Amino acid sequence: AFASDLRIVTIGSRQTLCVNPDVRKLHSLSVMNDRCRELQQNKKKKTTAETGTRKKRKETSTGCPYYQQSRISELKEQILASVEDVEDVISSGRELMACPYYASRHAIPLAELVVLPYQSLLHAASRAALSIKLSGNVVIVDEAHNLIDTLTAMHSVRIT
């Protein structure tokens with residue numbers, strides 16, 4: 001069948017795709033983004049522990065347990081191998097202990113079809129961050145009747 005030969009990736013926000021319970025419980029997207037980046041930068045730390053009169057240097061992992069490149073790559077391949085919706089990607093990420101957010105982003109260059117919220121498509125910085133190029137591609141907009149409200153919300157400022 002055509003769908004079995006098509007490489008599809010579904011993109012979502014960190015708030016949607018994150019499987020790390022310590023990050024998910026934060027609920028605010030900006031706080032989640034900050035915590036995720038912080039965990040990536042703190043992959044391994046050397047700590048000194050005192051046991052009696054001796055000091056021991058020990059390497060501890062303080063980074064995100066789901067941010068492991070080999071497992072992210074494995075999840076990326078799984079995403080591209082079969083059609084998966086966001087819930088499937090999250091479930092697979094939990095099973096593989098791999099980050100669905102980064103796996104889906106790593107899958108974009110190899111995908112033939114990218115499904116994403118149109119806010120991500122319409123916002124130039126978001127599109128650039130995802131390496132999505134409009135030139136030479138077909139764009140299909142579902143729920144197009146919501147486009148005007150979305151564009152207005154994206155480019156409006158509320159003064160209080």
Side-chain angles (χ1 to χ4, degrees), residues 6-51 54-137 139 142 150-151 153-158:
L6 190 63
R7 293 185 311 268
I8 300 173
V9 62
T10 302
I11 301 299
S13 67
R14 245 188 212 102
Q15 197 168 28
T16 302
L17 292 174
C18 181
V19 293
N20 183 330
D22 294 332
V23 176
R24 284 196 66 79
K25 70 181 179 188
L26 299 173
H27 300 295
S28 162
L29 182 57
S30 62
V31 175
M32 288 177 77
N33 286 338
D34 291 344
R35 182 65 180 139
C36 179
R37 287 187 197 102
E38 180 183 299
L39 286 171
Q40 289 174 50
Q41 292 170 355
N42 294 333
K43 273 201 136 169
K44 295 210 185 275
K45 257 187 193 169
K46 294 201 181 214
T47 58
T48 303
E50 288 191 38
T51 54
R54 296 180 45 181
K55 288 184 180 180
K56 276 187 171 179
R57 300 266 312 150
K58 176 173 118 176
E59 197 172 87
T60 59
S61 180
T62 59
C64 179
Y66 299 90
Y67 191 70
Q68 305 296 324
Q69 291 305 318
S70 61
R71 292 186 297 214
I72 288 173
S73 183
E74 184 179 347
L75 180 56
K76 173 192 79 172
E77 295 302 324
Q78 184 175 325
I79 290 168
L80 292 168
S82 63
V83 178
E84 295 194 350
D85 63 18
V86 171
E87 290 80 15
D88 294 332
V89 173
I90 291 169
S91 177
S92 296
R94 284 190 178 114
E95 287 174 25
L96 294 172
M97 287 288 294
C99 179
Y101 177 80
Y102 285 104
S104 62
R105 275 149 179 73
H106 290 316
I108 291 172
L110 301 171
E112 296 166 309
L113 176 64
V114 179
V115 179
L116 69 160
Y118 48 75
Q119 295 88 332
S120 300
L121 185 70
L122 298 172
H123 189 257
S126 297
R127 198 170 54 246
L130 292 169
S131 299
I132 302 279
K133 295 183 179 27
L134 296 178
S135 179
N137 289 301
V139 176
D142 188 20
T150 300
L151 286 166
M154 287 173 59
H155 300 288
S156 297
V157 177
R158 176 173 272 169

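Everything numeric in this text was worked out from a predicted model, so none of it was measured.
- Judged by distance alone, the side chain of R71 and the main-chain N or O of P65 form a donor-acceptor pair under 3.5 Å.
- Proximity of T10 to L116: side-chain heavy atoms (C-beta onward) are nowhere separated by under 4.5 Å.
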**Item:** Derivation of the side-chain contact (heavy atoms from CB on, under 4.5 Å) call for V89 and I79
**Value:** CA-CA 7 Å; V89 173; I79 290 168; 3.9 Å; yes
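- Residues passing the side-chain contact (heavy atoms from CB on, under 4.5 Å) test with E112 are L6, R7, sequence neighbours excluded.
- Note: N33 CG to L26 CG = 10.5 Å, rounded to the nearest 0.5 Å.
- Annotation: ring-ring contact (aromatic ring centres under 6.0 Å, His included) contacts involving residues 88-124, sequence neighbours excluded, comprise Y67-Y102.
- Taken from OG in S73 to CG in L96, the straight-line distance is 11.0 Å, to the nearest 0.5 Å.
- Listed by chain and number, the residues in a side-chain contact (heavy atoms from CB on, under 4.5 Å) with Q15 are S13, L29, M32 (sequence neighbours excluded).
- Note that SG of C99 is 5.5 Å distant from CD1 of I72, once rounded to the nearest 0.5 Å.
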**Message:** I'd like to know whether L17 forms a side-chain contact (heavy atoms from CB on, under 4.5 Å) with V19, so could you lay out the CA-CA distance, the side-chain angles of the two residues, the decisive distance to 0.1 Å, and finally the verdict.
**Reply:** CA-CA 6 Å; L17 292 174; V19 293; over 6 Å; no
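- The CD atom of Q78 sits 9.0 Å away from the CG atom of D88 when rounded to the nearest 0.5 Å.
- A heavy-atom distance below 4.5 Å is found between the side chains of L121 and V139.
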**Request:** Run the numbers on R35 and E38 for salt bridge (Lys or Arg N to Asp or Glu O under 4.0 Å), then give the verdict.
**Result:** CA-CA 5 Å; R35 182 65 180 139; E38 180 183 299; 2.3 Å; yes
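- Screening residues 77-96 for ring-ring contact (aromatic ring centres under 6.0 Å, His included) gives no qualifying pairs among residues at least two apart or on separate chains.
- To the nearest 0.5 Å, atom CG of residue L80 and atom CG of residue L110 are 5.5 Å apart.
- Take S28 and apply the side-chain contact (heavy atoms from CB on, under 4.5 Å) test, not counting sequence neighbours, and it matches S30, V31.
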**Asked** I90 and E87: side-chain contact (heavy atoms from CB on, under 4.5 Å), yes or no, with the steps?
**Response** CA-CA 5 Å; I90 291 169; E87 290 80 15; 5.6 Å; no
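- Under the side-chain contact (heavy atoms from CB on, under 4.5 Å) criterion, D22 pairs with N20, K25, not counting sequence neighbours.
- The nearest pair of heavy atoms linking P100 to G93 is CG-CA, 4.0 Å.
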**Message:** Show, in sequence, the C-alpha distance, side-chain angles and deciding distance for R14 and V23, and conclude whether the side-chain contact (heavy atoms from CB on, under 4.5 Å) test is met.
**Reply:** CA-CA 9 Å; R14 245 188 212 102; V23 176; 5.6 Å; no
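- The shortest non-hydrogen separation linking V9 to A111 is CG1-CB, 3.6 Å.
- A distance of 13.0 Å separates CD in Q119 from CZ in R127, rounded to the nearest 0.5 Å.
- In terms of modelled atom types and a separation under 3.5 Å, the side chain of R105 and the main chain of L130 share no donor-acceptor contact.
- Contact record, S92 with L75: CB-CD1, 3.6 Å, taken as the closest heavy-atom pair.
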